[in-house]
Amino acid sequence: MISLLIISFGITLIYLSIAERMRTYNTLIAVQGALLFAITYAELKDIDVWHLVLILLETLIIKVIVLPYFISRLLIRKHGGGSIAMVVPGFVSLTVVSIIIFLSFLLSYLLHDDQIQVKYFTGAIAAIFTGLYLIIVHKQVFTHMMGYLTIENGIFLLSLAIGNEMPLIVNLAVLLDVFSSVLILGIFINRLEAFSSLDVDQLKDLKDS
Amino acid sequence: MIEIFLVITIILAAGTAFVRNINISHIMVFGYFIFLAGLGVYMAEHVGETFSEYFLSDYMGLIFMAVLIVISFSSALHYITFAKKREVRPAEAALHNAGTIFFTGAMTGVLFAAHFGVLWAFVEATTIGASILIYHNRNHESLEATWKYLFVCSIGVAIAFAGILFLGLASQEKGSIDFTYAGFKAIAPTLYPGWLKACFLLVVTGFSVKMGLVPLFNVDIDAKDAAPSQVGASLSSVLMNAGFVAIYRFYEAFSGTSILPWMNTFLLITGVASLFFAAVYALRVRNIKRLFAYSSMEHAGLVIIAFACGGIGYFAAILHLIMHSLTKSSLFFQVSQMHRIYNTKLDEGIGSYLKINPIGGLVILLGFLSIIALPPSGLFISELMMVQALITNNLWWLAVIIIGLVLVIIYGLATRMLGILFINKPNGNIYEKGATVWESVIQLALILLVFYIGLLRPQVIVDTINLAIKTLPI
């Protein structure tokens, strides 16, 4: 069951690499949140029930409801669903992310560590590097934010690998979500409208000479 | 006590954000600092004790707590003038003061945390506080700096979190996950070194944004430039110290393991790379605030290099951080006055400063002499110890390279500072005549303290630093 969910998580990464519309990105991030919610339940169901309920609620509310809602409300509606300028052709991104997933699997498998659960590690490392790839190849603030949220989902997945013994770690990972949703979305995105097309090229006033 | 302090921090910060009377808002900040000082005294009286497994009082935390109190208090005093002269609206001042309280509370948490998870959470909290402060001017520049700072810090703390997760994976192997410093230090030598190395690499990379080191230094420079000067002072001093303490906690916990030489090499590379970038940028930058920011990066690099050398280098690193905090914050405070007079941050628009604002010019002159580590500055002592530590480690060739890079930065600073003080002619109007004397007096007092420590090396400071580093390998 968990393997199936993590494979689905990997598929969302592939879709993210070729997405061309803000709405698609947002939906994929929400789907990742829902998958993480299911994985959390499957992996942590043996921990203290109140703790589990708290983590599940936090995951569901923040990753599946709050973040996608705010993104939709603050950005997508104001930019008419918004298409994303593809700096790198879709098939190149598709190839790169596929290679990232393959290498992540290879790395997890080759490490041969008893403590590494290959499936978690593969999903997490692939998500972290896919997020970094999105940030590097895109020039819009929106896609940078999506890249960051993908990294964060990867880290959340990694935290689940040891969450059974240390629910505090999962709580801290959730704290990372709260942090990003409150600050990045709640306060600054509506201010960033000042940069009309949300292009990072407009964020170049601060320089050395 | 510290738990109560943190709860009060959140309540007071939230309350201050809604106060629309500027004077009351300032009073709330100073009330908080009295409380902060009280906490400092309490922690000093209970040194060596842990509080509910998540917090502890040790000499390392206490040293930087003392610096935090002095700098934060000075910064809040300077903000009163800043708010008055700039005619800051009550709502903006309220948010700034709330941010100050939250930021200071978060840094206190970093200093006294006893648990890696809690430490990480407080480092993350400093980002929230700092972002509020950087955004103060609400213009295009501050928005850009805040966005970049927030975004890169978020990635930085996420990377550091991945490092902490590796700690979990490493200790899971032994069947116990104890993230307290003491608990982890006890089992660290039995853990797989590969995980520890991965953790340290990620933590230093992630927290480099707080200390202003390579690789995530860029946003830190932008933040110090776009934020009000007193905020730049805090970012360059107390936040840098907090970043150092965060890295130190991991270093100390791993110092009893076989990865110690590897950690030292890694820190050495990070420090030299930081110094190199600081030297390159210091030569071309024309903006005084950015110049000071790169100078902070230089000193962060020096601190990490000294620390990586071990032995006397540990002492030098801590002393250097204290001295640098006092000097650099004074210089940043003075930039605020300079900006009011010339309405520019670029060196070509600023001139004859010693003549136009003699006491402010004196601050810049003495601050410059202190920051380049000219005797009797306390920074001279610490830098001398650093060179000694490098030579003791048979790294004389590296000492030569480092001295060369420092000389390049001194050249960059000297051409700008001496130009501002004596050579340049003011390139435009003088916007404010008759500077606020008490501001400069505070700055002078901080710099003279650095000279006093450099000349007399008070035993209490020497003893406290020695107690702070006694758990490290010789």
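A note on names: the letters A, B, ... follow the listed sequences, proteins ahead of strands, and every chain is numbered from 1. Below, all heavy atoms of this structure are taken into account, side chains as well, without hydrogens, waters or symmetry copies.
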Stepwise side chain to side chain contact (heavy atoms under 4.5 Å, CB included) test for Phe161(B) and Leu158(A): CA-CA 10 Å; Phe161(B) 187 67; Leu158(A) 196 59; over 6 Å; no

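- Interatomic distance, Leu165(B) CG to Tyr120(A) OH, rounded to the nearest 0.5 Å: 13.0 Å.
- Expressed to the nearest 0.5 Å, how far CE of Met145(A) lies from CH2 of Trp147(B) amounts to 6.0 Å.
- The environment of Tyr133(A) atom OH is dense: over 12 non-hydrogen atoms of other residues, nucleotides or ligands sit within 6.0 angstrom.
- Contact check for Ile159(B) versus Ile155(A): no side-chain heavy atoms found under the 4.5 Å cut-off.
- Surrounding CZ of Phe51(B) are more than 12 heavy atoms belonging to other residues, nucleotides or ligands, all under 6.0 Å away.
- Environment of CZ in Phe277(B): sparse, with no more than 12 heavy atoms of neighbouring residues, nucleotides or ligands closer than 6.0 Å.
- The contact between Asp222(B) and chain A is made by backbone and side chain atoms together, counting heavy-atom distances below 4.5 Å.
- Between the CZ atom in Phe151(B) and the CD1 atom in Ile135(A) there is a gap of 3.5 Å [rounded to 0.5 Å].
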